[in-house]
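What follows is a single structure, written as structure tokens, with notes after it.
Residue numbers start at 1 and run along the sequence shown.
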Amino acid sequence: MSEIFDGIAGQLNNLFGSPVQHARNGGTAVTIQARFRRTPIEILEEDGNYVLLNSPTLRVPEPVASSIAVGDQITPDNGVIYDVLSRHDSGSPAVDAFVIFKLREA
């Protein structure tokens, strides 16, 4: 069933995403395409309940999301540096499903 959705997240990311800088735990920054948001969003937790995230978030499709870990730093086009606090799956079965990262200003 996931084959229907494969490729959709990548296309949405290309349309609505923008370049951000990703630095792995103090390393050299690389540019990735992602959707950065400062407004609250709801995410689906593992227990099936929705939780409101009031923190800034970053949505990145797999496989790029696999390169991001807690403690890394993200710098969107606003120039503010954010620390990655946690990782949350979007619930999509697609191979390129978005992963949501909760951020905090560094």
Contacts satisfying ring pair (Phe, Tyr, Trp, His ring centres under 6.0 Å) that involve residues 47-70 (not counting sequence neighbours) are none
- With side chains defined as the heavy atoms from C-beta onward, is the minimum distance between Ser18 and Phe36 less than 4.5 Å? no
task: Indicate if Ile32 and Val80 have the same hydrophobic cluster label, given that clusters are the connected sets of ILVMFWY residues with side-chain heavy-atom separations under 4.5 angstrom.
output: yes
Residues pairing under salt bridge (charged side-chain N to carboxylate O under 4.0 Å, His left out) where one sits in residues 48-57, two or more places apart or in two chains, turn out to be none
Scanning both residues in full, the closest heavy-atom pair of Arg87 with Ile68 reads NH1-O, 4.4 Å
query: Is there a donor-acceptor pair under 3.5 Å between the side chain of Arg35 and the backbone N or O of Leu58?
result: no
Under a 3.5 Å threshold, yes or no: a donor from one side chain and an acceptor from the other, between Thr31 and Gln21? yes
Separation between CD1 (Ile41) and CG (Leu53), nearest 0.5 Å, reads 5.5 Å
When rounded to the nearest 0.5 Å, the distance separating CZ of Arg104 from CG of Leu85 is 5.0 Å
Nearest heavy-atom approach of Pro40 to Leu52 is CB-CD1, 3.9 Å
The complete set of side chain to side chain donor-acceptor pair (under 3.5 Å) pairs with one or both residues in residues 70-80, sequence neighbours excluded, reads His22-Asp72, Gln73-Asp83, Asn78-Tyr82
Looking only at heavy atoms, the pair that brings Val64 and Val60 closest together is CG1-CG1, 3.6 Å
Heavy-atom closest pair (Phe101 atom, Ala65 atom, distance to 0.1 Å) is CZ-O, 3.6 Å
Strictly below 4.0 Å, N to O, side chains only: are Glu42 and Arg37 in salt-bridge contact?
no
Between Ala34 and Val20, the two heavy atoms sitting closest are CB-CG2, 4.0 Å
Please lay out, stage by stage, how Val99 and Glu62 fare under the test side chain to side chain contact (heavy atoms under 4.5 Å, CB included). CA-CA 7 Å; Val99 175; Glu62 288 290 5; 3.6 Å; yes
Q) Taking the side chain as C-beta and beyond, is there a heavy-atom pair between Ile74 and Val84 under 4.5 Å? A) yes
Taking every heavy atom of Val70 against every heavy atom of Ser86, the minimum-distance pair comes out as CG2-CA, 4.0 Å
